[in-house]
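Remember, it's 1-based here, ligands and their atoms both numbered in the order they're listed.
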Amino acid sequence: MDYKNWRHVFKIDPAKTISDEALEKVCESGTDVILVGGTDGVNLDNVIDILVRVRRYTVPIALEISNIDSVTAGFDYYFIPSVLNSTETKWVKDLHHQAIKEYGDVMVWDELVAEGYCVLNPDCKVAQATNADTNLTKDDVIAYARLAENYFKMPIFYIEYSGAYGDKEMVASVKEVLNDTKLFYGGGITTADQAAEMARIADTVVVGNIIYDDLRQALKTVEAVKSVPI
Ligand SMILES: CC(C)=CCC/C(C)=C/CC/C(C)=C/CC/C(C)=C/CC/C(C)=C/CC/C(C)=C/CC/C(C)=C/COP(=O)(O)OP(=O)(O)O
Ligand SMILES: O=P(O)(O)OC[C@@H](O)CO
Ligand SMILES: [Mg+2]
């Protein structure tokens with residue numbers, strides 16, 4: 001699957017406004033994929049809007065499902081998060097069970113990619129929405145990574161610091177224990193140097209909010225990540 005080779009990802013939040021001009025720059029930046037997702041305010045209208053606008057370009061597009069009502073056909077992949085350190089089973093497997101109960105007969109399983117999230121910034125929306133236990137030691141996070149890879153057989157383990165730049169020693173410790181499962185890092189990347197730093201550790205670097213706050217800096221992260229040897 002292509003996503004195993006992705007190095008740089010731009011995450012577009014359908015609940016936020018982006019001009020056609022800015023979206024064109026994001027799509028033509030050389031990023032490996034546009035990942036469409038956000039914690040709140042995501043609905044069918046704003047997801048379709050982004051899908052249609054991104055489809056003008058050749059870049060692949062994936063939907064990171066945050067609620068079942070906003071799912072539509074037409075994406076290259078569907079990423080399904082499970083927040084492994086949520087204290088509520090809803091965010092680990094109950095919503096998933098409900099979705100499969102409803103749509104199991106028509107699902108194209110090969111298009112679905114499971115992501116094991118470990119959310120580490122207590123102040124971010126996703127930590128709060130999912131009641132994540134972010135008070136974790138390095139050993140706790142390593143155990144979640146091993147759970148994702150060896151027990152749940154998830155293809156992606158996602159260290160999420162959304163809105164804050166993470167602890168690179170933590171990310172490096174997790175990378176050391178993973179074999180086939182790909183390590184995604186996301187959170188607080190605002191400069192090319194930070195993007196390169198995390199690209200030296202993680203398999204894939206996700207850049208989100210800086211697209212909206214400082215597009216020039218955001219675009220520089222692509223080359224920064226791509227210039228790091230694998
Ligand atoms: C062709 C076709 C229609 C196929 C699809 C078939 C189908 C229906 C498949 C569904 C399969 C399935 C098992 C779905 C599960 C559904 C579901 C609702 C799962 C729960 C997902 C979950 C745990 C969501 C929690 C939130 C989360 C992890 C969101 C990810 C995005 C994220 C962390 C964004 C960062 O936050 P942001 O909002 O950007 O924060 P700021 O605004 O502060 O930056
Ligand atoms: O928005 P930022 O902080 O860049 O984080 C990216 C991504 O990990 C969010 O899910
Ligand atoms: Mg965001």
Side-chain angles (χ1 to χ4, degrees), residues 8-18 31 34-44 46-48 51 62-132 154 156-166 171 183-191 194-195 198 202 204-215 217-218 221 225:
H8 184 281
V9 173
F10 271 137
K11 191 178 279 193
I12 291 286
D13 188 338
K16 292 183 183 162
T17 303
I18 185 162
T31 188
I34 305 297
L35 184 57
V36 178
T39 305
D40 55 5
V42 179
N43 59 46
L44 193 57
N46 53 33
V47 166
I48 290 175
L51 173 63
L63 178 64
E64 186 171 56
I65 299 179
S66 52
N67 64 74
I68 200 67
D69 297 336
S70 60
V71 181
T72 180
F75 285 84
D76 297 313
Y77 303 89
Y78 295 85
F79 276 50
I80 319 289
S82 279
V83 180
L84 299 176
N85 62 324
S86 170
T87 55
E88 298 171 19
T89 57
K90 173 180 177 183
W91 305 105
V92 185
K93 54 90 183 166
D94 292 352
L95 288 168
H96 314 66
H97 174 255
Q98 225 173 293
I100 293 166
K101 192 173 165 194
E102 198 164 337
Y103 299 103
D105 285 342
V106 294
M107 273 183 194
V108 183
W109 293 96
D110 289 350
E111 289 178 348
L112 307 188
V113 184
E115 303 172 284
Y117 262 74
C118 186
V119 181
L120 292 174
N121 171 12
D123 301 322
C124 72
K125 265 193 223 162
V126 62
Q128 293 180 357
T130 65
N131 250 318
M154 289 169 150
I156 292 170
F157 184 69
Y158 193 137
I159 297 188
E160 173 68 282
Y161 280 93
S162 181
Y165 191 64
V171 182
L183 178 60
F184 278 39
Y185 169 82
I189 291 179
T190 56
T191 66
Q194 289 174 332
M198 284 302 178
T204 307
V205 169
V206 184
V207 175
N209 289 343
I210 193 69
I211 298 168
Y212 302 91
D213 298 339
D214 187 342
L215 182 60
Q217 288 301 322
T221 64
V225 167

Val108 near ligand 1, heavy-atom distance under 4.0 Å?
no
What do you reckon, does Lys11 put a non-hydrogen atom under 4.0 Å from ligand 1?
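Checking ligand 1 against Lys11, which is what was asked, there is a heavy-atom contact under 4.0 Å.
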Tell me which part of Thr39 gets within contact of ligand 1: side chain, backbone, both or neither, using heavy atoms under 4.0 Å.
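The answer is both.
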Side chain, backbone, both or neither: which applies to Trp91 and ligand 1 if a contact is any heavy-atom pair less than 4.0 Å apart?
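The answer is both, backbone and side chain.
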Around ligand 2, what residues show up once you keep those with a heavy atom under 4.0 Å from it?
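Lining ligand 2 at under 4.0 Å, by heavy atoms, one finds Lys11, Tyr158, Glu160, Ser162, Gly163, Gly186, Gly187, Gly188, Val206, Gly208, Asn209.
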Do the side chain of [X] and the main chain of [Y] share a donor and acceptor less than 3.5 angstrom apart?
{"X": "Asn46", "Y": "Gly41", "result": "yes"}
{"X": "Glu115", "Y": "Tyr117", "result": "no"}
{"X": "Ser86", "Y": "Thr130", "result": "yes"}
{"X": "Asn85", "Y": "Val119", "result": "yes"}
{"X": "Tyr185", "Y": "Gly187", "result": "yes"}
{"X": "Thr204", "Y": "His8", "result": "no"}
{"X": "Ser162", "Y": "Cys124", "result": "no"}
{"X": "Asn131", "Y": "Glu88", "result": "no"}
{"X": "Tyr78", "Y": "Thr72", "result": "yes"}

List ligand 1 atoms under 4.0 Å from [X], heavy atoms only on the residue side.
{"X": "Ile68", "answer": "8 (C), 10 (C)"}
{"X": "Lys16", "answer": "42 (O), 44 (O)"}
{"X": "Ala99", "answer": "12 (C), 14 (C)"}
{"X": "Val71", "answer": "3 (C), 5 (C)"}

Side-chain donor-acceptor pair present, Thr190, Gln194, cut-off under 3.5 Å
yes
Has ligand 1 got any nitrogen or oxygen that is less than 3.5 angstrom from a nitrogen or oxygen of [X]?
{"X": "Thr72", "result": "no"}
{"X": "Asn209", "result": "yes"}
{"X": "Tyr78", "result": "no"}

For Lys90, the salt bridge (charged side-chain N to carboxylate O under 4.0 Å, His left out) test, sequence neighbours excluded, returns none
Which heavy atom of the protein is the closest neighbour of atom 39 (O) of ligand 1, given with residue, atom name and distance?
Asp13 OD2, 3.6 Å
Give me the residue, atom name and distance of the protein heavy atom closest to atom 19 (C) of ligand 1.
His96 NE2, 3.6 Å
Using a cut-off of 2.8 Å, count how many protein N, O or S atoms are strictly closer to the Mg ion (ligand 3).
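Protein N, O or S neighbours of the Mg ion (ligand 3) under 2.8 Å, waters not counted, come to 1.
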Nearest non-hydrogen partners of Pro81 and Ile65, listed with the distance
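Taking every non-hydrogen atom into account, CD-O, 3.2 Å.
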Any side chain to side chain donor-acceptor pair (under 3.5 Å) involving residues 96-106? Give me the pairs, sequence neighbours left out, ordered by first then second residue.
Ser82-His96
